[in-house]
Structures are given as structure tokens and as C-alpha cells.
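If you scroll down you'll find the structure; I have some questions about it.
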There are 2 protein chains.
Amino acid sequence: MQLGNGDGNITTIYEVAELAGVSVATASRALNNTGYVSKEARSRVLEAARRLNYHINVNARSLTSGKTYTIALVLPDVTNPFFPAVARGVEDAASRKGYSVILCNTDGSPRKEADYLNMLRSRRVDGIVFTTSELPGARISSIIGDSSAVVLVDRDLDEPYDIVKTDNVKGGFLATSHLISLGHTRIAVISGPLSLTTGMERLQGYRDALGQAGIPFDESLVVEGDFRQEGGRAAMERLIEQCRGRPSAKLSAVFACNDLMAVGALTALEEHEIAVPSEVAIVGYDDIALASVTRPRLSTVAQPKYEMGVLAAEMLLRRMANPNLPRQQEVLQPMLVIRDSTLERRSRCG
Amino acid sequence: MQLGNGDGNITTIYEVAELAGVSVATASRALNNTGYVSKEARSRVLEAARRLNYHINVNARSLTSGKTYTIALVLPDVTNPFFPAVARGVEDAASRKGYSVILCNTDGSPRKEADYLNMLRSRRVDGIVFTTSELPGARISSIIGDSSAVVLVDRDLDEPYDIVKTDNVKGGFLATSHLISLGHTRIAVISGPLSLTTGMERLQGYRDALGQAGIPFDESLVVEGDFRQEGGRAAMERLIEQCRGRPSAKLSAVFACNDLMAVGALTALEEHEIAVPSEVAIVGYDDIALASVTRPRLSTVAQPKYEMGVLAAEMLLRRMANPNLPRQQEVLQPMLVIRDSTLERRSRCG
DNA sequence: TTGTAAGCGTTATCAT
DNA sequence: ATGATAACGCTTACAA
């Protein structure tokens, strides 16, 4: 009867060695397929390990090896629909190589970010996939030093860390050009936080598209959002308001710099009984699951979220394997996804 | 100038002790506020630690303490909209108490579940929050033994593990009763996998509601789904099909046992130009973010996902602190959220 | 091929 | 109040 020793008593390599009638050194070699071990010894060790339901203590091992086989994923909030796919990508790629991933939600608070980094250093994680928010790059490196490798995802920093991102300028350009190609000229933007490169870059793409089409940039058409649904609603509200008061401020389309804000904007538009896309067209950014179930379904700029996660983890492993590699940077391409929220232009104020 | 020693050289307690001019024992006591240490010694140690940017090696500590201050969250897929909130709850509650959480995605594969459990045992995690799928309870305990505490979330098992769940029978009852109260009598169900207690229980709630209302249970109105969007679409397709062929099979409402399937069903209904809720009413389960942006917005049974996560982690910590506690079980209440996808009955076949 | 023993960074015991 | 020192579980020279 094979019970597999379910009693849970933690066995050490000493007990395995003893049962196998060899020294711990030999047991270790056998268990790790390292150095010389006779076939007989090896099989006796393996059998003993099986009988005792031996599970190596990786913490103990990390003490000698200096490696923990653990990485961390530090992001603002898994609950933000952008991140689960990234997280899944990271975890898949990491576990494929035998690494575990510790999840940390910072809410974008520099304080929490710093706390987590300190904790991670104490844990001697081998690497960190980091979507930071406000923590200055210098601060990051002052905390983790070179105790672990780090790869930035969807962020850009002065510090020489590896980066995985998508081309946000291009994405902003794609979204805006799409609107322009539909005949829109009065295009508002609900931007992300301008303190974030993602926020800035997408806005830059918007300006580039305008410029290329010869449409003058109108400051009053941009309102800074916060990448959150409620923020999007509020921003759209502002836009509608200002449009009411000042017909010169009318708009026929809006580019919301992420889908969450686009959904919020949609809500505001609906409340004011402004038809989308016939009166106001709208395009979002990210292509989260929500985007394809709203009514109208949201046109958006898709980011390869899962791939970003996978790439980030792989890049991190590479960096860990070779700390002297030159700085790596991977810029993925965003992709325009046209659905129902954008349509040929028909002028109308908000 | 305070640099905080960003050089990243890992410092040990020996170096701290040396700089402070004390023994490691004293340094350890000072650092941990344990045992007797003179004020002077303590402050010298603390200062030394600061100067050297000392970060304790928790892996080394766990070697002596036997505790890793790490728990794991094992679930099918973070990418499933039900889980991020749970994950966030677990992480918040855990980190509040100084625990880190390792994330594991199993895709509901017994093989992956077993692999992860073995890995987690090797890591000596103090506890596991587990949303298992098919792994028999006995198998779980044979792998982890009592090497870590475990709390089941949203699952029920024969093994005597602690549990955090919501009352699924009640939830199914709520959803169905709501439909019945609207005058529906031909109510189809798109159930979850019947191998899962969640699947079974919600279906039971459906039957209970029918029974209480004196509506005969009609086997042909239940089709087993898989909790996924595409599965929901396919199931609805089947229902429509069968309804076409056999007028006696007509239905005026459907209870989809989770929102993802409800959204899929919505899609199918839309493709067939069947109006929701006027021709067919539909109610989902979970109240994920998607539910409030579909058109029509989805009526659903909400589960307190975040709270489930928090509770699970807290329960786990309690269990870890006291392995001899009697089995704990927390059953939260689901809540009916009425939106636009349900409406007074008007008969119509699918 | 195998075993002894040192060492990894901490904590805890036991003297002092 | 403080300091040696053993112990935690493992790997790895170095010997044998």
C-alpha cells in the first residue's frame, strides 16, 4: 500500500541519507544529479527519498546557493483589468523555469512601493518585475541595490533598468489617426496621469497625429484623467460641461487613454443622452475584456498584455543569468481594434 | 550625504555586529527587540545596520524559526475576472501581517495543482489559500501533509480543511426566485461544471426555487457549462436550437451560473436577434466588472470576492497560529443585484 | 565513488 | 547585559 507518507513530518536529507545507508554528501549528489554517485547508491537514495516523502528545503539551499528561485511582481493593483494578463504571463514564464512569483500590490503609493522593495530585498528575491508609479528610479536602486535584477513593465525610468513596454506614442497616434480618418477634427483627449510616461507618450501620439493632419492642438480639449473609470466619467462630464457653455469647444470624438476611462466616459455620455458613436465617437486603450462587451463595443488600441508579462519574466531571467548584459529594452507594437464606438463624423457638440 | 549604501552589497549580521562593536548575539537581540540589550548597545547596532543598509536574510532566519512568513494563493487563473479581487483580498490581509504571497495558476489541472503543491512544500510555505478544482482532497493532504495550513476558497471538500465560501444554494435560489417573481416559469439554466460544488450547489438552488414555486423541473432546460464565456455562448446556442425545434421547449428566461457565461449567452442571444430582457431575461452570478457595462446591464448574484480573500487569509493565519483549532467554516451571503437584463415576463421562444 | 567537515545567515541556549 | 557556540538543512571543497 503506497501511502506516500502523508503524515507531513518534514524529512531532512540526513534521514534520507541514513535510510539509504550513505552520507549526506552522497545523498545530496544523488538527489541533485551532481558529481559522482554509483548507480546503486543513487537508486537507494532516490528510493529512500520516495519512502520518506522527502521534499528539499529550498530556503536552506538558498543559503548556500545564494539563489532563491523566487521573483516578485510588483504592480499597482491586480484588480485593475490591465494587470491580470500581465501577471499570468509573468507567472507562466517564471514557473516554466522553476521560479515562484510573489505578488505585491502597491496602489501606486511610493510608500508601499518602498516597503515592498525592502521586504523583497530581505527575501533575497532573484529578480523583480516592476510596474512602478511614482518612486524615483534612484530611490529604487538605493533600496534594492543590486540584490536583485529588475525589469520595468509598461514604465520608463531614468535608471538603467531593462524595460518591456509598448510603443505608447504610436498607440496614441493610431487611436487619433483613426478618428481623424473618420473625418473628426474636434477630438478631445482624456489623458492618463501626465506624471507617468504612459500618460505623456499617448498624449504625444495624439499631438503627433493632429500635427500630421494639420489640425491645431487645442489645449481646452485635453483633460487629465487618472486611468480609472470614475476619473473617466468625471473628465467626460467636464468636457460636456465646457462644451455646453462654449460652442466653440464642441467636439465630435474623444480618445480616452485607457479603456477604464473610456467606459467611464461612455457612462457620462449615456447619462447625457449623447449617442455613441453617432454624436460622439470614442476610442479607448488597452483592449481589456470590458471593451468588447460595452454597448457600443469599444474601439481601442490593444496592448499585448500577456506577451508583455512573458517577455518581462524572460528578460528578467536573462538579466539574472548575466548581470553584465547591456541594457535590454523591448518595445512591442500596439494594435488598433475597430469596433462600434467609432464611426464616420457627424458634427455635434457634447 | 545620506546615500543609504546603494551599492547593494549584501550585509550580514556579523558585519553589523562588528561595526557596532558587539557580538552577533547582541546584534540579533537588538535588531529583533528580544532579550536584554542595553540602550547604548541597541542604538549602536541600529545605527550600524542603518549605515550598512542591512536587510535581514529571511531565508536564513526561517531555517532556525521554522517559519517562512510566506503563504501561497493557488487558483485556476488570475485572468478569470472572479479571482483578482480574491487575490487582492488575500494579499492585503497577508501583507498586513507581514506575510508574502506566492501566486500559482493551475488552470484547474490536477497535474499542475499537484506540481505546485509539491513546490510549495519544498518552499515550506506556512499556509495555502487554495481554490482547487479536481484534485481529490486526500491527494492534497498526501502532498502537503501538515507542512502547511490550508484554507479552501469557493470550494468544498471532504478533507477537513477550513473553508471560505458563499452560500451557493442560496445564490442559485435568489437568482431563480427573482426570475420567478417576474412571472417566468420556463427558466433555463446554464450551469457550471457539475463536478464542482459551486456548480452543483447553484443548480440545487435553482431546483429549490422551482420546487417552492411549484414549477416542475424540466431536465431539457438545463445545460452544463464550463464557467467560461465561450461555453456560455455555446450553451445558449444549444438552448435556442432546441427551442426552435421543439416549441414545447420554449423559455423566457435563463439563469447563467456565472457572469462570464451570461455574457456569452448575451452574445448568442444578440446574434439571433432575440431581445434581452423583453424576449428572454437573463441573470448571471458573481457580479464581475463586466456585468455593469454590458448592454443591457446584467442582473446578477454578487459574491463578496474581496472579503472572501481577506477572510481566507485571516482564517489561514488563525489556523497557522493554532493547528488544533476545530475546523473553521465561513459561509458568506450572496446578494441579488438587479439591473437591466431581467424584466417582467413576456413569453417567447428562443 | 564516498565521506568528513566547513560554511551559508540567523536564532537560541547557556555561560559568564 | 553580553558573548560563545550549537543548531537549522543544505551544498561543496577536500580527503580518502
Exercise for the section: Only one of A:Arg319, A:Arg327, A:Arg155, A:Arg318 passes salt bridge (charged side-chain N to carboxylate O under 4.0 Å, His left out) with A:Asp162; say which it is. Expected result: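 That would be A:Arg319.
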Practice task
Could you go through the side-chain hydrogen bond (donor to acceptor under 3.5 Å, both in side chains) check for A:Asp92 and A:Tyr306 one step at a time?
Solution key: CA-CA 10 Å; A:Asp92 281 0; A:Tyr306 180 80; 2.5 Å; yes
Problem - Between C1' of C:dG3 and OH of A:Tyr36, the distance in whole Å - result: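 Between C1' of C:dG3 and OH of A:Tyr36: 17 Å.
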Practice task
Taking only the side-chain nitrogens and oxygens of A:Thr26, find out if one of them lies under 4.0 Å from OP1 or OP2 of C:dT2.
Solution key: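 No, A:Thr26 has no side-chain N/O under 4.0 Å of OP1/OP2 on C:dT2.
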Exercise for the section: Verify, without hydrogens or angle tests, whether A:Thr106 (side chain) and A:Glu113 (backbone) share a donor-acceptor contact under 3.5 angstrom. Expected result: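 Flag not set: sc A:Thr106 to bb A:Glu113 has no pair under 3.5 Å.
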Practice task
Could you check how far CZ of A:Arg42 sits from C1' of C:dT2, rounded to whole Å?
Solution key: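 Going from CZ in A:Arg42 over to C1' in C:dT2 covers 13 Å.
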Fill in the blank from the handout: B/S/- along nucleotides 6-12 of chain C (protein heavy atoms under 4.0 Å) is -BBBBSB
Practice task
Answer whether the closest heavy-atom distance between the side chains of B:Ile140 and B:Glu159 falls below 4.5 Å.
Solution key: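 B:Ile140 does not reach B:Glu159 side chain to side chain.
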Practice task
Check whether any side-chain heavy atom of A:Val151 lies under 4.5 Å from a side-chain heavy atom of A:Ile128, and answer yes or no.
Solution key: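 Side chain of A:Val151 against side chain of A:Ile128, heavy atoms only: no contact under 4.5 Å found.
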Exercise for the section: Run the numbers on A:Arg123 and A:Thr68 for side-chain hydrogen bond (donor to acceptor under 3.5 Å, both in side chains), then give the verdict. Expected result: CA-CA 8 Å; A:Arg123 289 191 181 272; A:Thr68 56; over 6 Å; no
Exercise for the section: Check whether NZ of the Lys or CZ of the Arg A:Lys67 lies under 6.0 Å from the centre of the six-membered ring of A:Tyr69 and within 45 degrees of that ring's axis. Expected result: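 Ring-cation test returns yes.
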Practice task
For the helix from C:dT1-D:dA16 to C:dT16-D:dA1, figure out the bend between the end axes, five pairs an end, and round to 10 degrees.
Solution key: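 Its terminal axes enclose an angle near 40°.
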Problem - Validation row: A:Thr166, A:Val331 side chains within 4.5 angstrom (heavy atoms) - result: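 A side-chain contact is absent here, since even the closest heavy-atom pair is not under 4.5 Å.
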Practice task
Answer with base, sugar-phosphate or nothing: what part of the nucleic acid does A:Val22 contact at a heavy-atom distance below 4.0 Å?
Solution key: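 Sugar-phosphate contact only - A:Val22 comes under 4.0 Å of backbone atoms but never of a base.
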